[in-house]
Number of protein chains: 2
Amino acid sequence: MAKPLNAQQTKPRILDAAEGLFAEHGFAATSLRDITKEAAVNLAAVNYHFGSKTALLSAVFERRISPINEERLRLLTELEKSASGQPLDLHGVLRAFLLPPFLKMQEWGESGRKFMQLVGRTHSVEASEQMHEAFFKHFEEIIVRFTHAFENILPELPKQNLHLRLQFVVGAMAHTLVWSQKLDQLSKADPNHPISTFEELLQFVAAGMGAKHPPHTLEDIR
Amino acid sequence: MAKPLNAQQTKPRILDAAEGLFAEHGFAATSLRDITKEAAVNLAAVNYHFGSKTALLSAVFERRISPINEERLRLLTELEKSASGQPLDLHGVLRAFLLPPFLKMQEWGESGRKFMQLVGRTHSVEASEQMHEAFFKHFEEIIVRFTHAFENILPELPKQNLHLRLQFVVGAMAHTLVWSQKLDQLSKADPNHPISTFEELLQFVAAGMGAKHPPHTLEDIR
DNA sequence: GTCTATATGCGGATAGAC
DNA sequence: GTCTATCCGCATATAGAC
């Protein structure tokens, strides 16, 4: 009960440090020296345990993305079961997609917050093309399953419009995750009326996804 | 009519090259060697003309952000004038905010597309804290004027919720600008039914901003 | 204003002792 | 598995000739 200070192994220490520094300063701007110093391990440990800086970044993604996407699919499957053939609910499916990252972020505390920042950054084209592959391969099943669900919920919306709108959802979500700390401060600005960033986002994108089609034309707006 | 090849000066060549490379690979991952090679100028030219790599990035921002935000304010002022005291229209104000970056992007062609990618990247925390200041100082007046306009349009929505929703708008916009090339391909996937990415975005965020408040509770959704 | 040459330091990665 | 020492290339930045 008195020596767990050094009990933490080298690998997770490196992962934690890398996660935080990549999130704060970006992949290219973070050196292995920064990481090993922060993790209080030897410089050579990164290459010994992970092989290279790029492989380390992959490992950072691996650790967090899988549980999030598994939870998304679990929630979606649950919805499909309890609907038993009936069309799904727009709010519900959006919630299945959006809730897991917010939940896991809370569950993981500060480390989770940093990771989400890194994810948001990656959405905006950080890192090389190879990194993008390593990142997006984790989302293939998610994209297929959720797109299909939304197509069934909104059969009248042309697919192109639907797919665009899903991109807007992703954009709003990514931005919210990146700035979650500041936005949460905003949510609590009035202590008599604390609101949930997540719930507000869900409300917003549900309205956006359900916006009636076709939209106003330029003429209507002027 | 036969020698304009070398007529272009060094400074704009550097700006163009830097804009493109910062957008594609990020600030930290782009070296002055990459830039001067792409611009076909001497390595020392950057430091001679701009002083440093960071100052060059500032200059890249300077050149493009000002015209966009001036146009935003011009459109908003125009709306206020023609409304002559009446409350403004939600669609109209959102359009005044969102249209200028899309218009300028088109106007500037490939260079504009790259710049918008860079802006989207910066929204997601690229670069250092100093760079952020240099970036966001261009938006102070925009934030004040537009926030005020939205508060008047949606007086029943608590300010915290309103401010959060504006962040969602910014997130969807930034993501759309970053991925504009791919999303435009999506918009034209069906040649019989080409749609406008911008109009679809406007429709989406207008519905989101106008979503009724208070939202469903967690209980309603389950 | 533009060039070459170079100062100076940091980057990822590794060899080899322990 | 962990350490020190080091390779070697590339980074930004500058000095000084033209």
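For the numbers below, each heavy atom of this structure counts, side chains included, while hydrogens, waters and symmetry mates do not. Lettering follows sequence order; numbering is per chain, from 1. Please read all numbers here as calculations on a predicted model, not as lab measurements.
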Q: Could you list the residues that satisfy salt bridge (Lys or Arg N to Asp or Glu O under 4.0 Å) with A:Lys159, not counting sequence neighbours?
A: A:Glu151
Q) Looking for any heavy atom pair under 4.0 Å, which part of the strands does A:Thr30 touch: base, sugar-phosphate only, or nothing? A) sugar-phosphate
Check the interface with nucleotides 13-18 of chain D: list each N/O to N/O pair with the protein under 3.5 Å, or write none.
unit_1 : atom_1 : unit_2  : atom_2 : d
D:dA13 : OP2    : B:Lys53 : N      : 3.1

Q: Rounded off to whole Å, could you give me the NE2-to-C1' distance for the B:His49 and C:dG1 pair?
A: 6 Å
Q.
I need the CG-P distance between A:Leu56 and C:dG11, as an integer number of Å.
A. 15 Å
Q.
Based on the rotation axes of five pairs at each end, what angle does the helix from C:dG1-D:dC18 to C:dC18-D:dG1 bend through, to 10°?
A. 0°
(Q) Can you tell me if B:Thr10 touches the phosphate of C:dT2, counting only side-chain N or O atoms and a distance under 4.0 Å to OP1 or OP2? (A) yes
Q. Under 3.5 Å, is there a donor-acceptor pair linking the side chains of A:Ser187 and B:Gln160?
A. no
Q. Is B:Arg72 close enough and on-axis enough to B:Phe97, meaning under 6.0 Å and within 45°, for cation-pi?
A. yes
**Q.** d(CD1, A:Ile35; C1', C:dG11) in whole Å
**A.** 12 Å
**Q.** d(CD1, A:Ile14; C1', D:dC3) in whole Å
**A.** 14 Å
Q. For B:Phe50, is the NZ or CZ atom of B:Lys11 found under 6.0 angstrom from the centre of its six-membered ring and inside 45 degrees of the ring axis?
A. yes
Q. Hey, mind stepping through A:Thr176 and B:Gln167 against side-chain contact (heavy atoms from CB on, under 4.5 Å) and telling me if it holds?
A. CA-CA 7 Å; A:Thr176 304; B:Gln167 291 299 313; over 6 Å; no
Q) Whole Å only: how far is the CZ atom of A:Phe22 from the C1' atom of C:dG12? A) 12 Å
Q) To the nearest angstrom, how far is A:Phe50 atom CZ from D:dT2 atom P? A) 11 Å
Q | A:Asn42 side chain near D:dG1 phosphate (N/O to OP1/OP2, under 4.0 Å) | A | no
Q: Hey, could you give me each pair passing side-chain hydrogen bond (donor to acceptor under 3.5 Å, both in side chains) that has a residue in residues 96-110 of chain B? Not counting sequence neighbours.
A: B:Glu110-B:Arg113
Q. Looking at residues at least two apart in the chain, or sitting in another chain, which of them share a side-chain hydrogen bond (donor to acceptor under 3.5 Å, both in side chains) with B:Lys114?
A. B:Glu24
**Q.** Qualifying residues under side-chain contact (heavy atoms from CB on, under 4.5 Å), relative to A:Glu78, sequence neighbours excluded
**A.** A:Arg74, A:Leu75
Q) Between B:Glu19 and B:Arg64, is there a side-chain N and carboxylate O pair less than 4.0 Å apart? A) yes
Q) Phosphate oxygens OP1/OP2 of C:dG11: is one of them under 4.0 Å from a side-chain N or O of A:Ser31? A) yes
